[in-house]
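In what follows, a structure is listed as structure tokens, so that the remarks can point back to it.
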Protein chains: 2
Amino acid sequence: MASHGARGRGGGRPTLEEVAARAGVGRGTVSRVINGSPRVSDATRAAVEAAVAELGYVPNTAARALAANRTDAIALVVPEPETRFFAEPYFSDMLRGVGSQLSDTEMQLLLIFAGGDRERRRLAQYLAAHRVDGVLLVSVHADDPLPDLLAQLEIPAVISGPRSAGETLTSVDSDNYGGARSAVEHLLSGGRTRIAHITGRLDVYGAQRRVDGYRDALREAGREADELLVEPGDFTEEGGRRAMSVLLDRRPDLDAVFAGSDVTAAGARQVLREAGRRIPDDVALVGYDDSAIARHMDPPLTSVRQPIVEMGRAMIDLLLSEIADHRPPASRGPERRHAVLPTELVPRASS
Amino acid sequence: MASHGARGRGGGRPTLEEVAARAGVGRGTVSRVINGSPRVSDATRAAVEAAVAELGYVPNTAARALAANRTDAIALVVPEPETRFFAEPYFSDMLRGVGSQLSDTEMQLLLIFAGGDRERRRLAQYLAAHRVDGVLLVSVHADDPLPDLLAQLEIPAVISGPRSAGETLTSVDSDNYGGARSAVEHLLSGGRTRIAHITGRLDVYGAQRRVDGYRDALREAGREADELLVEPGDFTEEGGRRAMSVLLDRRPDLDAVFAGSDVTAAGARQVLREAGRRIPDDVALVGYDDSAIARHMDPPLTSVRQPIVEMGRAMIDLLLSEIADHRPPASRGPERRHAVLPTELVPRASS
DNA sequence: ATCATGAATGGGAGCGCTCCCACACTACCT
DNA sequence: AGGTAGTGTGGGAGCGCTCCCATTCATGAT
């Protein structure tokens, strides 16, 4: 089936016009068939489809983009250097979800890293040129100007972790508050009483919400949160080590640690070991993310699973509908949307 | 400076024509300035640049692509599922090199995963639509039809590991043969005499070359290669475990292992430990790739470093020149190019 | 029989650029 | 003075589509 026609002599790919001539119809009709318009008779549609197959016609995206003023592409923007992207499984899971949801579509996904200043400038240019129909924003810090730029350029965008409670962009998030609560409740029900928390980067809203969940869970159990037991981290292993040392110094009698990420927990674990603490006997440890690290740790790490793949899917759904709504410059949908997906505690031997 | 003009009212981004009017010149002249043609007087150029800045003009890529028949984008095609891409540091290093070399350019990089059948079909469509000016191909197996498709579509392409000695595509490779030799010579000079080799996937040409290097190094040292000491692996940790078990069964007296990758070495290490062998006392271990794993292994793993970042850079250089050569459909450059970059042995405690 | 109505279709206009030819003008030879 | 190269410049044509208006023809209501 198909594959001869205009191929051979490198030069000329067939155009709409040629397909139309071959099928004995007009250009407009072929365009309608290509784009799946219902206003075409079955017979005509079949004829056109045959001609398309015979000629091996493939639409010229540039022409389409120019005429229709859309690109059929969306960008996943990671405002981090590549290294962090690859270091953290979060991103790859996210990408999996995004990719799977997108594969039913004609949309093309671009992966853009904007870690450095230079890349940021390139990105700004890129967005100003409207080279994508929409943007997926992952792991944005509170003071990042990117969301505002997007808003100003009126480019549909969905952000993966809202920057604050009043996030203006459409957002997708996991239930950080609930996840933290479930972790702490789990530790409490295991009889732990002096539960420390190594936070994530506190300029990330989700990390703040986890602190809130941690505090509220303790409070509801009748225990006032002891601020000496809370030490800021930054999601990294090194940060986990640092914070753990501080905590051990300050509160040598702690009997549990809730870490802001699995990687952080790994760092904490190392310091605990070096300090002669056994896990879980002396100190129970709970992480966050339920990444591969958690499963492979010794002992395996109890962790809070975020449905990252599903979050990726949700982001695509929201973004595509934003793009669709946006096309006719109708009234900007007033109701901003925020999806929050549930987390799940995965108990393992570390607690 | 700049940023008012046509911005405000979402709708109208300025066009070439508008810039021309503002600068009091013709459309062609503005185009020349934008594209850096030398045939413009300094005064005119300055006037145009001022107009561009005032209006915040950004070229419309779709229009440019349509008129000039190029996209200013290249694709990095990974014929693997995402998971493998992220699991192996090889890819992220490659991406770093590619990205850094590309950042001097107007070119846009797309990352395309084509692991499954479905993705393959999408990719074929994508390439047929000529949505990129060139393609970077990473880790392609011997029987992959992708290179032929590229050739047939006459899309400039550079492959990261040639598929065979007679690779038809322009290629970049590291000196697998020399790298393997240096590993074996290192082990020999350490007094090891029964050196096993766990290969990579043998449908990868580079893995074959490593076997060649292994054999030749032994032969030149006057030792006939013992085929019982060679066991095929597949670059994975699991494969390393499997192969190591087989080797220990077959040749319990082996005193060194050269693994096809660091990950494979990690698998081998595990089995060696379980069998009570001490590293490096009983068995010396050498890996390949010099990845993070090698540095963090216990004991740290001697490994062969491939200059992957540099390979990425080299790929871009070659691809860009292919694209440039290609533009005027002149005589297809007859001399295919193959760059081979040197490897380097990084000795550590495991040998 | 008459007139709306709507479904299916053809094709003009135009998206914003690049390419290239034509033109003016300058300089420098004869 | 007339030619002959350049240089710098303007603008027509056209890239391959989508959008939309006009046209045709069949259908059903009157």
Side-chain angles (χ1 to χ4, degrees), chain A residues 6 11-49 51-52 55-73 106 128-131 133 327-329, chain B residues 6 11-49 51-52 55-73 106 128-131 133 327-329:
Chain A
R13 291 199 288 141
T15 70
L16 249 205
E17 203 98 37
E18 287 165 35
V19 173
R22 172 114 190 181
V25 300
R27 186 165 28 77
T29 301
V30 176
S31 175
R32 253 159 262 152
V33 172
I34 299 292
N35 293 292
S37 154
R39 329 211 121 291
V40 181
S41 72
D42 290 349
T44 307
R45 180 184 310 277
V48 170
E49 278 165 355
V52 166
L55 296 176
Y57 171 77
V58 179
N60 179 321
T61 8
R64 172 177 291 178
L66 178 58
N69 196 35
R70 66 196 158 87
T71 63
D72 292 327
E106 293 288 81
H130 284 262
R131 292 187 65 167
D133 291 341
R327 294 256 225 267
Chain B
R13 292 199 286 141
T15 70
L16 249 205
E17 203 98 36
E18 287 165 34
V19 174
R22 173 112 191 181
V25 300
R27 187 167 24 80
T29 301
V30 177
S31 176
R32 255 161 257 148
V33 172
I34 299 292
N35 294 292
S37 155
R39 328 210 123 294
V40 181
S41 72
D42 289 350
T44 308
R45 180 183 309 279
V48 170
E49 277 165 354
V52 165
L55 296 176
Y57 170 76
V58 179
N60 179 321
T61 7
R64 173 177 291 178
L66 178 57
N69 196 32
R70 66 196 158 86
T71 62
D72 291 329
E106 292 289 81
H130 284 262
R131 292 188 65 167
D133 292 341
R327 292 254 227 268

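Just the heavy atoms: all of them, side chains too, but no hydrogens, waters or symmetry mates, feed the values below. Letters go in sequence order (proteins before strands), and every chain restarts at 1.
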Could you go through B:Thr71 and B:His130, starting from their C-alpha distance and side-chain angles, then the distance that decides it, and tell me whether this counts as side-chain contact (heavy atoms from CB on, under 4.5 Å)? CA-CA 8 Å; B:Thr71 62; B:His130 284 262; 6.0 Å; no

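- Counting only heavy atoms from C-beta outward, the side chains of B:Arg45 and B:Val25 never approach each other to under 4.5 Å.
- Note: CZ (A:Arg70) to P (D:dT18) measures 7 Å, nearest angstrom.
- Between the CG atom of A:Asn35 and the P atom of D:dC17 there is a distance of 10 Å, given to the nearest Å.
- Heavy-atom nearest nucleotides on DNA chain D were determined for B:Ala68 and for B:Gly24, and the one closer to the 5' end corresponds to B:Gly24.
- C:dA13 atom C1' lies 13 Å from atom CG of A:Leu66, rounded to whole Å.
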Could you please spell out the steps behind the side-chain contact (heavy atoms from CB on, under 4.5 Å) verdict for B:Thr29 and B:Arg39? CA-CA 9 Å; B:Thr29 301; B:Arg39 328 210 123 294; over 6 Å; no

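- The side chain of B:Ala67 has C:dG16 as its nearest neighbour among D:dT18, D:dG16, C:dG16.
- Not one side-chain nitrogen or oxygen of B:Asn60 sits closer than 4.0 Å to the OP1 or OP2 atom of C:dC15.
- The stretch residues 39-48 of chain A comes close to DNA chain C through A:Arg39, A:Val40, A:Ser41, A:Thr44, each having a heavy atom under 4.0 Å from the strand.
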Name the pairs: protein N/O against N/O of nucleotides 22-25 of chain D, kept only if under 3.5 Å.
none

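- Considering only side-chain N and O atoms, A:Ser31 lies nowhere under 4.0 angstrom from the phosphate OP1 or OP2 of D:dC17.
- We find the CG-CG distance between A:Leu16 and A:Asn60 to be 9.5 Å, quoted to the nearest 0.5 Å.
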Test B:Glu49 against B:Val30 for side-chain contact (heavy atoms from CB on, under 4.5 Å), laying out the working first. CA-CA 9 Å; B:Glu49 277 165 354; B:Val30 177; over 6 Å; no

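- Of all heavy-atom pairs spanning A:Asp72 and B:Arg131, the tightest one is O-NH2, 4.3 Å.
- Between atom CZ of residue B:Arg32 and atom CZ of residue B:Arg27 there is a gap of 10.0 Å, rounded to the nearest 0.5 Å.
- Put simply, OG1 on B:Thr15 and OH on B:Tyr57 are 7.5 Å apart, with the number rounded to the nearest 0.5 Å.
- At least one side-chain nitrogen or oxygen of B:Arg64 sits closer than 4.0 Å to the OP1 or OP2 atom of C:dT18.
- Where A:Glu17 and A:Arg32 each meet DNA chain D at their nearest nucleotide, the meeting point lying more 5' is that of A:Glu17.
- Residue side chain B:Arg13 does not reach the base of C:dG16 through any donor-acceptor N/O pair under 3.5 Å, judged by distance alone.
- Toward the 5' end of DNA chain C, the nearer of the two residues A:Gly28 and A:Pro38, judged by each one's closest nucleotide, is A:Pro38.
- Residue B:Thr29 places at least one side-chain N or O closer than 4.0 Å to OP1 or OP2 of D:dG10.
- Applying the 4.0 Å criterion to OP1 and OP2 of D:dT18, one finds that A:Asn69 has every side-chain N and O outside that range.
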